[in-house]
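Here is how names work: the chains are called A, B, and so on, in the same order as the sequence lines, proteins then strands, and each is numbered from 1. Since this is a predicted model, take the numbers as computed values, not measurements.
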2 protein chains.
Amino acid sequence: MVHSVSEIELIKLAARLYYVDSLSQVEVARLLAVSQAKVSRLLQLAREKGVVQITVSEYEPRVPELEQRLADTYDLGHVAVIRDPHVRTTASIRSNVGYFGAPVVTRLLRAGQVIGLTGGRVLAELIRHVSASDHLGGLRVVQLMGSIGADVAEFDAVELSRRLANVLGGTLYTLNTPALVSSAASRNSFLKLEQVRAVWKLYNEMDVALVGIGSLSDSSFIERGTYRAEDLKRMHALGAVGEICGRFYDANGHECQSEFRDRIVSIQFNELRRIPLTVGVTAGSGRAEAIAPVLRVGLVKALIIDENGARAVLEIADKSNRKGKKKGAQVR
Amino acid sequence: MVHSVSEIELIKLAARLYYVDSLSQVEVARLLAVSQAKVSRLLQLAREKGVVQITVSEYEPRVPELEQRLADTYDLGHVAVIRDPHVRTTASIRSNVGYFGAPVVTRLLRAGQVIGLTGGRVLAELIRHVSASDHLGGLRVVQLMGSIGADVAEFDAVELSRRLANVLGGTLYTLNTPALVSSAASRNSFLKLEQVRAVWKLYNEMDVALVGIGSLSDSSFIERGTYRAEDLKRMHALGAVGEICGRFYDANGHECQSEFRDRIVSIQFNELRRIPLTVGVTAGSGRAEAIAPVLRVGLVKALIIDENGARAVLEIADKSNRKGKKKGAQVR
DNA sequence: ACAAATCGCGAATATCTATTCCTTCGAAAG
DNA sequence: CTTTCGAAGGAATAGATATTCGCGATTTGT
């Protein structure tokens, strides 16, 4: 692919006519007596070779100020607060967090690590935007909880794990069980399965876990029919404010006792807490009450969140600071 | 059309995603929760507002060295030597000369002037590329010779004059006669027509004339059937080397005596020579022998020519310099 | 020297982008 | 409160661009 001097002149000429004089490629082609296809290729070369330079004034996709405050307040190692898009629909906020969160998360991972994943819509968006060019290799990607519905949804832990393993390079360790089984006994028999136990063992070797944080009001579990609205109402009465891996916890970050606790197939909080790096991935200000507790107790050690969500979380922190004992939180 | 801060952030984001991350507009639209149409508009704004800056490394469409040599050799006021394109077909060379020659010519013109035009394919290309944004107004555009064929071709003097008058703004003065009539008597009766005489009078007020320079070997006149190949052969035997406005001349730039001379309806050489600025527009190295004489005798005072043609003309100049008396030409 | 592989190109086509047209919404005027 | 105007944006579509495919030329390997 060597280009002669006159070839480079040709490229310059094409670039000049197209970008400066804004002729169409067909017009340029006529002028140069080549095909439009060739003009398209010439222009690509022009961009690659720097004959044409396109500079875009920097867009800052993150909000450093909020990141700093969150990191200070909850003593987090890594925080990414993703600036909200102009049009704030749930979907656009999610995909924004996914798009700009993906490279942040990717940079936390190293070749050969054991990575755990749950499901969730925001997490799904993030995984979608993990680029194949960040290939690491040798990962072991482990599913942290069973599947939510009978059918495998786009954002189930299995699907996300599979995609991550494919894109970054690594092996998928799948649980192949539902998230919620009919009884404690049933759960125990599941856990005895060789396949499941092999996965479970990896929980102790895990380097990074990526988890979604669920609220009681807007939950994938209801959408997918695993829990019913009444179930959540009851859990709420018991003090539950959020959910991770299908497990409910209260405002102090303690897991709630309930009929479900023994029927859920997923990593346990004590195991989760031992993982060196647990990254919460979430979007939307309605989640704040679910997020604050797990940050406070260190169940989640890093956070990818949207701008509005971040503000909501900080507001909660401020409130409890003002009236309660100033435990762990400090004003900056 | 005022844009808020968040609107500008939106523009930046769109530009960033499109130009830096090279997402398609549809993908950007999904991410921003707007339509693709809006993204297209945002990107346009981004370019207009300088959020995106596209710089193209300079392409030098002209060859200053050859221009200098031609100007020195023939004492020309204005010379443009247009760099040859990579692929040298007759068509691509012509359109190149037209494209880059057009602004040069336009810059020579002033509002209110009387401009004369002949026909010709290169001149046609040039006129084609005169941009409406260079509107001057008040021009009088005069046809310097009759039409070559029965049908009006793309590159007939009428058509070119009409277009120039339209684009730059001015009135068209058309001859409405054939270029070659059947007899001297016929010619005389044509010249007596009030309409024709009105045009002819303008020849004395003319500020600028744009003329093509024809060779005997490759002539529009043959293509259009005005002259036959035998005619040209005969003219060649009489010493003719070129043609301007349908009039033949020899290597010394003197008009040839011939049966045609009294039958051609076009401006005369003595009138042409009085015009303050006569611009020759030509392309192709085969024309060199026709070009050199008219430059030497000052029938043409400025030149728009392609690179190869320029070299050929200079070669002729060098040759006659070396063996003949060093009249007017100087080595630089 | 000949076959095989590679390259470069343009025609056809798939894909992406710009524009047109129309609807909606909100502000200003009546 | 109603009407009118204009701005803003999306759906449909016209128009432009990128990609695929296959062919012929050129180089490479045997």
Side-chain angles (χ1 to χ4, degrees), chain A residues 1-54 56 84-93 95-96 99 129 132-133, chain B residues 1-54 56 84-93 95 99 129 132:
Chain A
M1 260 243 305
V2 182
H3 295 284
S4 67
V5 175
S6 92
E7 185 86 4
I8 288 180
E9 282 303 301
L10 177 66
I11 292 173
K12 279 192 189 174
L13 176 50
R16 139 86 196 250
L17 294 172
Y18 186 78
Y19 285 107
V20 180
D21 302 352
S22 45
L23 304 189
S24 77
Q25 293 188 359
V26 174
E27 292 174 297
V28 175
R30 259 203 287 279
L31 231 51
L32 305 192
V34 296
S35 67
Q36 177 268 320
K38 168 115 201 195
V39 173
S40 177
R41 288 174 190 131
L42 286 173
L43 292 173
Q44 186 181 338
L45 278 175
R47 290 183 296 261
E48 285 170 4
K49 285 176 166 282
V51 170
V52 173
Q53 292 200 312
I54 300 182
V56 177
D84 275 342
H86 183 69
V87 182
R88 290 187 203 155
T89 65
T90 320
S92 71
I93 293 175
S95 53
N96 234 249
Y99 187 87
H129 287 115
S133 62
Chain B
M1 261 243 305
V2 182
H3 297 282
S4 68
V5 175
S6 94
E7 185 85 3
I8 288 180
E9 283 302 303
L10 177 65
I11 291 172
K12 279 190 189 176
L13 176 50
R16 140 87 197 249
L17 294 172
Y18 185 78
Y19 285 107
V20 180
D21 302 352
S22 44
L23 304 189
S24 78
Q25 294 188 359
V26 173
E27 291 175 296
V28 174
R30 260 204 287 277
L31 230 51
L32 304 192
V34 296
S35 68
Q36 177 267 319
K38 169 116 199 194
V39 173
S40 178
R41 289 175 187 130
L42 286 173
L43 292 174
Q44 186 181 336
L45 278 174
R47 288 183 296 260
E48 284 169 5
K49 285 175 165 284
V51 170
V52 174
Q53 291 199 312
I54 301 181
V56 178
D84 276 340
H86 183 69
V87 182
R88 290 188 203 154
T89 65
T90 319
S92 71
I93 293 176
S95 53
Y99 187 87
H129 287 115

Checklist entry - Atom CD of A:E48 to atom P of D:dA18: distance rounded to whole Å? => result 12 Å
Item to check | Any A:H86 side-chain heavy atom under 4.5 Å of B:L42 side chain | outcome: no
Checklist entry - Can you tell me how far C1' of D:dA18 sits from CD of A:Q25, to the nearest Å? => result 8 Å
Checklist entry - Does the D:dA16 base have a donor-acceptor partner in the side chain of A:Q36 within less than 3.5 Å? => result no
Checklist entry - Can you tell if the side chain of A:Y18 reaches within under 4.5 Å of the side chain of A:V52, non-hydrogen atoms only? => result no
Item to check | Close side-chain approach of A:L32 to B:V87, heavy-atom, < 4.5 Å | outcome: no
Item to check | Rounded distance (Å) that lies between atom P of C:dT15 and atom CG of B:L23 | outcome: 18 Å
Checklist entry - Counting only distance, no hydrogens or angles, is the base of C:dT17 paired donor-acceptor with the side chain of B:R47 under 3.5 Å? => result no
Checklist entry - Nearest-Å distance, CG (B:L45) to P (D:dA7)? => result 14 Å
Checklist entry - Checking all strands, does B:S24 fall into the base, sugar-phosphate, or nothing category for heavy-atom contacts under 4.0 angstrom? => result sugar-phosphate
Checklist entry - Are any of B:K38's side-chain N or O atoms less than 4.0 Å away from OP1 or OP2 of D:dG10? => result no
Checklist entry - Phosphate oxygens OP1/OP2 of D:dT17: is one of them under 4.0 Å from a side-chain N or O of A:Y18? => result yes
Checklist entry - To the nearest Å, how far apart are B:E27 CD and C:dT15 P? => result 13 Å
Next on the checklist: For a 4.5 angstrom cut-off between non-hydrogen side-chain atoms, does B:L10 reach A:P85?
Outcome noted: no
Next on the checklist: Rounded to whole Å, how long is the line connecting atom NE2 of B:H86 with atom P of C:dG8?
Outcome noted: 11 Å
Next on the checklist: Would B:Y19 and B:R47 count as a side chain to side chain contact (heavy atoms under 4.5 Å, CB included) here? Give the steps.
Outcome noted: CA-CA 11 Å; B:Y19 285 107; B:R47 288 183 296 260; 2.7 Å; yes
Checklist entry - Out of C:dT17, C:dC9, D:dT19, which has the shortest distance to the side chain of A:A37? => result D:dT19
Next on the checklist: I want to verify a distance call: between D:dA18, C:dC21, D:dA16, whose nearest atom is closest to the B:R41 side chain?
Outcome noted: C:dC21
Item to check | N/O (side chain, A:Q44) to phosphate O (OP1/OP2, D:dA18) under 4.0 Å | outcome: no
Item to check | Listed nucleotide nearest any side-chain atom of A:V34, set C:dT17, C:dG10, D:dG9 | outcome: C:dG10
